[in-house]
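Numbered from 1 within each chain, the chains take letters A, B, ... in sequence-line order.
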Protein chains: 2
Amino acid sequence: MRAAQQGGAISLAIVEDEKEVREGLKYLLGLDGRIRISGAFGTAEELIAFLSGGGRAELVLMDIHLPGISGIEATRILQERWPTLAVLILTIFEDEDAILDSIKAGARGYILKNTRPDALLEQIISAAGEGSPISPTVARRILEEIRRGSRALTPADYTLTARELEVLRDIVNGLTYKELAEKHHIAGSTAKKHILHIYQKLNVNSKAEVVRKALEEGLI
Amino acid sequence: MRAAQQGGAISLAIVEDEKEVREGLKYLLGLDGRIRISGAFGTAEELIAFLSGGGRAELVLMDIHLPGISGIEATRILQERWPTLAVLILTIFEDEDAILDSIKAGARGYILKNTRPDALLEQIISAAGEGSPISPTVARRILEEIRRGSRALTPADYTLTARELEVLRDIVNGLTYKELAEKHHIAGSTAKKHILHIYQKLNVNSKAEVVRKALEEGLI
DNA sequence: TAAAAAATACTCCTTATGGTGTATATCGCG
DNA sequence: CGCGATATACACCATAAGGAGTATTTTTTA
């Protein structure tokens, strides 16, 4: 009576590396008759193996930080191989890039883990239909981006100063703090300052990430 | 009588940041009547300014390690703006990549600083004509590369193992030693070992350089 | 099957890096 | 003229990173 109004319960798969959280979700969501848990996995690889082996799911609740393939990368893979499968990102991170990357990877929605259980349930139901549940705080960030002139959404301009751009180029060329300081005739501490500013603007925290971002987004 | 057989002396510019070396070269080479020193500069920028301002030179002796624009980068720029200008790289480095990069940048020759003065003189003379002076040890490296199956000369294959390739990808993704170890369920020391092996194979010594090389050469 | 290569793991050590806070001089724009 | 942004610089700290050497176990392959 309650599990079969319009084609039966929604089959849901969960990917979450922390066992307690995973089991908690499995239990909580399983209580509702409209949802059937078809599997709960600790890694994206396990889910993919499950689906490859004939396992079925309409919807996937996907954590971002996972051992092995990340949730975002997994979403990309799932969308390629099983295009009808809807992926709902469920994470504690409000990171700008993670949100946009998830959406670009084809996620149906992006929900934060602090969402109340009953609201979570409704969002899952809506995602199984045509809805795209987005946590309010996440939604706000996206809207802000759009208002800000759709910058971060399309080309990506980080408003680096001229000096910072020079330093950016040098980082890409593999210079150390010391070499940078010598080249520009400034103190090592200043070179460092510039680099830290760049980190903030690009939202990264290592030279390796700077190099990647600079090259991938053509900042140089 | 000695400075004007066939169109006069060779006009030579020197770019070398160490003042003593620069002055030494200027003096030594100036002793020979077949060469006229048209300028000696501490940076590539100065040479470019000199040429832009109407200064003339047929040949440039270029150091690689310079403050500001590197000798290789400068060579590229010079070849674009003054295609008839011949650049002779004069450096202490026998680094594989530096040699190949210099050649790709359009250098006429690549001479090591330990070359005897009289030999250096002859090589400069020959470079002003049709010659491409290459120090014997440098020549040997190039020939070795060709013999080895022209690998490093064209596509660039670093024969990374499967494991190393995985780790390489992770470095590009900005993972730290620790994160890497966790992801692959190996000890941090092992992750480090893999990374150091990758450094040796790619001939770099920092994550930033690995990311750059990986992205630029499509290793990922 | 014996030798070579790869993957694993440890130690010890030095230096680089990233994070945070403070402070000053200067420049540009209203 | 003054505010805000930029560039400069320093101190202090914990951790990451890079280098070198040794050693054991697996895998590959000649």
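- For the pair Lys113(A) and Glu16(A), the salt-bridge criterion is met [side-chain N within less than 4.0 Å of a carboxylate O].
- Straight-line distance from the CD atom of Gln200(B) to the C1' atom of dA5(C): 14 Å, rounded to whole Å.
- Look at NE2 on His194(A): it is 16 Å from P on dG18(C), rounded to the nearest Å.
- Evaluation of the ring pair (Phe, Tyr, Trp, His ring centres under 6.0 Å) rule for Phe50(A) yields Phe41(A) as partners, not counting sequence neighbours.
- For the pair Arg108(A) (side chain) and Ala127(A) (backbone), a donor-acceptor distance under 3.5 Å is present.
- At the heavy-atom level, Ile186(B) lies under 4.0 Å from the strands shown only through sugar-phosphate atoms.
- Within residues 205-214 of chain B, the residues approached by DNA chain D to less than 4.0 Å at the level of any non-hydrogen atom are Asn205(B), Ser206(B), Lys207(B), in residue-number order.
- Put simply, the side chain of Ser38(A) gets close to the backbone of Arg56(A): a donor and an acceptor are under 3.5 Å apart.
- At whole-Å resolution of the value, CD1 in Ile198(B) and P in dA6(C) are 13 Å apart.
- With hydrogens and angles disregarded, no donor-acceptor distance shorter than 3.5 Å links the side chain of Glu73(B) to the backbone of Ser70(B).
- With respect to Glu209(B) and Arg212(B), no salt bridge is recorded, no charged nitrogen being found less than 4.0 Å from a carboxylate O.
- Using a 4.0 Å heavy-atom criterion, one finds that Thr190(A) contacts the bases of the nucleic acid, with or without backbone contacts as well.
- Within 4.0 Å of Thr176(A), counting heavy atoms only, lie sugar-phosphate atoms of the nucleic acid but no base atom.
- In this structure, the OH atom of Tyr177(B) is 14 Å from the P atom of dA16(C), given to the nearest Å.
- Per the geometry, CD1 belonging to Ile195(A) stands 11 Å off P belonging to dG19(C), to the nearest Å.
- The residue among Lys192(B) and Arg163(B) whose nearest nucleotide of DNA chain C is located toward the 5' end is Arg163(B).
- A side chain to side chain contact (heavy atoms under 4.5 Å, CB included) with Leu175(B) holds for exactly one of Lys183(B), His184(B), Glu182(B); it is Lys183(B).
- With a cutoff of under 4.0 Å to any heavy atom of chain B, the contacted region of DNA chain D is bounded 5' to 3' by dA16(D) to dT22(D).
- Taking atom NE2 of residue His197(A) and atom P of nucleotide dG18(C), one finds them 15 Å apart after rounding to whole Å.
- Between Lys183(B) atom NZ and dT8(C) atom P there is a gap of 14 Å when expressed in whole angstrom units.
- Put simply, the side chain of Ser11(A) gets close to the backbone of Glu58(A): a donor and an acceptor are under 3.5 Å apart.
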Under 3.5 Å donor-acceptor pairs involving side-chain atoms of residues 196-203 of chain A, not counting sequence neighbours:
| from | atom 1 | to | atom 2 | distance (Å) |
| --- | --- | --- | --- | --- |
| Tyr199(A) | OH | Lys207(A) | N | 3.0 |
| Lys201(A) | NZ | Thr159(A) | O | 3.0 |
| Lys201(A) | NZ | Glu164(A) | OE1 | 2.8 |
| Asn203(A) | ND2 | Asp95(A) | OD1 | 3.1 |

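- When the nearest nucleotides of DNA chain D are assigned to Lys201(A) and Ala187(A) by heavy-atom distance, the more 5′-ward of the two goes with Lys201(A).
- Contact check on Glu166(A) versus Arg163(A) returns a salt bridge, with a Lys/Arg side-chain nitrogen under 4.0 Å from an Asp/Glu carboxylate oxygen.
- Whole-Å rounding puts the Lys193(B) NZ to dA6(C) C1' distance at 12 Å.
- For residues 57-84 of chain B, the pairs satisfying ring pair (Phe, Tyr, Trp, His ring centres under 6.0 Å) are His65(B)-Phe93(B), with sequence neighbours left out.
- Note on Ser189(B): a base of the nucleic acid sits closer than 4.0 angstrom, heavy atoms only.
- For Gln79(B) (side chain) and Ala105(B) (main-chain N/O), no donor-acceptor pair under 3.5 Å exists by modelled atom type.
- Relative to the axis of its first five pairs, the axis of the last five pairs of the helix from dT1(C)-dA30(D) to dG30(C)-dC1(D) sits at 70°, rounded to 10 degrees.
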